[in-house]
Every structure is written in C-alpha cells, then in structure tokens.
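Down below is the structure, laid out as structure tokens.
A note on names: the letters A, B, ... follow the listed sequences, proteins ahead of strands, and every chain is numbered from 1.
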There are 2 protein chains.
Amino acid sequence: MDKLETLTAFSALSQETRLDVFRLLIAAGDQGMLAGEIAQALDVRQNTMSANLSVLLAAGLVRKSREGRAIRYCANTEGLRGMLGFLLRDCCGGRPELCEPLIEDITCSC
Amino acid sequence: MDKLETLTAFSALSQETRLDVFRLLIAAGDQGMLAGEIAQALDVRQNTMSANLSVLLAAGLVRKSREGRAIRYCANTEGLRGMLGFLLRDCCGGRPELCEPLIEDITCSC
DNA sequence: CAAACAATTCAATAATTCATGATATATGGA
DNA sequence: TCCATATATCATGAATTATTGAATTGTTTG
C-alpha cells in the first residue's frame, strides 16, 4: 500500500455513510450484505449508496460479487491492513518486525 | 471514541500533508518535533502547516506542549487506538474481547 | 420478447475543504 | 520597553466532494 492508496482509504472512511457501511460490513463478517440490504439498513437512497459503495470499492476497503440480480459487498480486511501498515511503517524506530505482526493480527480473521 | 470523533480522525488523515505529519511524528517517537521543524522537513509554508497541525490536534491525533517560544508536537497514540477501536468494535461477532487486546497493542509503545 | 427488479451512471447544484497573504498573539532577549 | 522569533488566526478564492432526479445497464421471471 502506497501513500495515495492510504489517502484514498482514509478519505473513504471520513464520510459518515461510508463509515457506517464499513462497520456494518465488518460486523457482517464473511457473508457480507447485498447493496440493497445495506441501503435499507442505513436508510440511504439507492443511488447515493451506490456512489458511496463505489468509493469504498475504489479504496480497496470492500469487495463485490454478483449474486443473481443483486450485488454482495464484503469488507476487505486486506485493504485495512495495508492502510495501517503504511501509517505505522516507521513506528518502531524503523524496525517493522516489531509492529507488523500486530497489524497482521488486528484485522480479525478471528 | 464515538462516531463523530472517528470521522474527524479519518478526515484529518485523508489529506497528504497531514498524513505525512502524522507518520513523521509516529517515527519521531516520544520526543516529537517542533512545529517549525515539521514545516521545514515537509517543505510546507508556516501558516499552512499551523492550520494542518490544528486539524490533527482537534482530531486528537497529536498533542502539543510549549517549549520556550516554540511548540512541540507528538503523535497521540491514544487517538489512533480509539479510532481503530470504533472501526473494529463489532468485528468479531460482537465479542470485543477477541479484538480489543490487539487494538491495545498495535499503537506501539514499543 | 416484455415486464419487473436491482444496481449503476450521468449532469447539475450545494456544500465543504484547501492554500494563501496579511495580520495577530505569545515568548525571550537586549 | 522594543525587537526578533515562533506560531496561530482570519478572510478570500479555487478546487473538490456529496447528494439528487433522471436515465441506463444488467438480470430474472412470465
């Protein structure tokens, strides 16, 4: 993850609806949610939600897959991990081996 | 850390100069850096840097302390921790005890 | 193939954010 | 007190971002 990707990810999460979506998808776990379900759960219009989901997708924070005529979205913990990795890369006096294991663990494949 | 604070923190880190500053301060560790040093290191005008430092301060991501006529800024890992905590609060099917220890550890008091 | 449904894209407006120049505040030293 | 240094604030204009209504694409069912 480079600086631009990290900025894009932070920018994506700095908007209320998108933060709500990401947290919802984190809570939903591996099975994710359909776009329509997400819009309904958060009481946001369909096209607004679609635009916000595209932003999260472009930021690498969610993944999508078609399911019949609906589209399923899942949180992409890989993206979150990359973001934290870039942010904290030099946090231990340039010895990343001290922090990287924690960053690996935090993204909850638990 | 509530939703508004989290949004403020993400917003603060979604701007290139501020992301650079935060990473610089993370790397600088406990001793932090003077406002002028930061501006010089990143080649940013004094008033622009001051405005950006205020944003980081308001977001709880840095702390400041006066030192003679200069002002020293340090990364505030507490703020980062809160942000991640809010983001991942429900990541383990509502069993925070699975993730919170990791979130505690990640902010590198190492 | 046509109708219904799910989601996306487009164009336009409204709101927010950013850097800048000028000015102001605060501290230390002569 | 007067000046120099270090940082912060203010007002402005330029650029970016968000939401909306309307139109469009892709999918399933009859």
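Nearest heavy-atom pair, B:F22 versus B:A75, reported as atom, atom and distance to 0.1 Å: CE1-CB, 4.1 Å.
For the contact set between residues 37-46 of chain A and DNA chain C, defined by any heavy atom under 4.0 Å, the members are A:Q46. Residues from residues 56-75 of chain B lying near DNA chain C, meaning a heavy-atom separation below 4.0 Å, are B:R66, B:G68, B:R69 in numerical order. For the contact set between residues 2-13 of chain B and DNA chain C, defined by any heavy atom under 4.0 Å, there are no members.
Contact check for A:V21 versus A:N52: no side-chain heavy atoms found under the 4.5 Å cut-off. Between A:Y73 and A:L34, the closest side-chain pair of non-hydrogen atoms is not below 4.5 Å. For the pair A:N76 and A:L56, the minimum side-chain heavy-atom distance is 4.5 Å or more. A:L25 has its side chain within reach of A:M33: a pair of non-hydrogen atoms, C-beta onward, lies under 4.5 Å apart. Contact check for B:M83 versus B:L13: side-chain heavy atoms found under the 4.5 Å cut-off.
Sequence neighbours left out, the pairs with a member in residues 16-42 of chain B that pass salt bridge (Lys or Arg N to Asp or Glu O under 4.0 Å) are A:K3-B:E16, A:K3-B:D20.
Between A:S50 and C:dT8, a side-chain N or O to OP1/OP2 separation shorter than 4.0 Å is present. When the side-chain nitrogen and oxygen atoms of A:T48 are compared with OP1 and OP2 of D:dT20, one or more of them lie within a distance under 4.0 Å. Within the 4.0 Å cut-off from OP1 or OP2 of C:dA19, at least one side-chain nitrogen or oxygen of B:Q15 is found.
Once rounded to the nearest 0.5 Å, the distance linking CZ of A:F86 with CG of A:L7 reads 7.5 Å. Here A:L87 contributes atom CG and B:L19 contributes atom CG; the two are 6.5 Å apart, rounded to the nearest 0.5 Å.
Residue A:N52 is classed as a sugar-phosphate contact, given heavy-atom separations below 4.0 Å to backbone atoms only.
We find that CE of B:M49 is positioned 10 Å from P of C:dA19, with the value rounded to whole Å. Summarising the geometry, the separation between CG on B:L53 and C1' on D:dA8 is reported as 11 Å, rounded to the nearest angstrom. Whole-Å rounding puts the B:L19 CG to C:dC18 P distance at 13 Å.
At most 12 heavy atoms of other shown residues, nucleotides or ligands fall within 6.0 angstrom of atom CG in A:D43.
If you find the closest nucleotide of DNA chain D to B:S54 and to A:N47, the one lying nearer the 5' end belongs to B:S54.
With sequence neighbours excluded, the residues satisfying side-chain contact (heavy atoms from CB on, under 4.5 Å) with A:A59 are A:T8, A:A12, A:L61.
In terms of modelled atom types and a separation under 3.5 Å, the side chain of A:S50 and the main chain of A:Q46 share no donor-acceptor contact. Counting only distance, with no hydrogens or angles, the side chain of B:R72 and the backbone of B:Q31 share a donor-acceptor pair below 3.5 Å.
One end of the helix from C:dC1-D:dG30 to C:dA30-D:dT1 points its axis 30° away from the other end's axis, with each axis taken from 5 pairs and the angle rounded to 10°.
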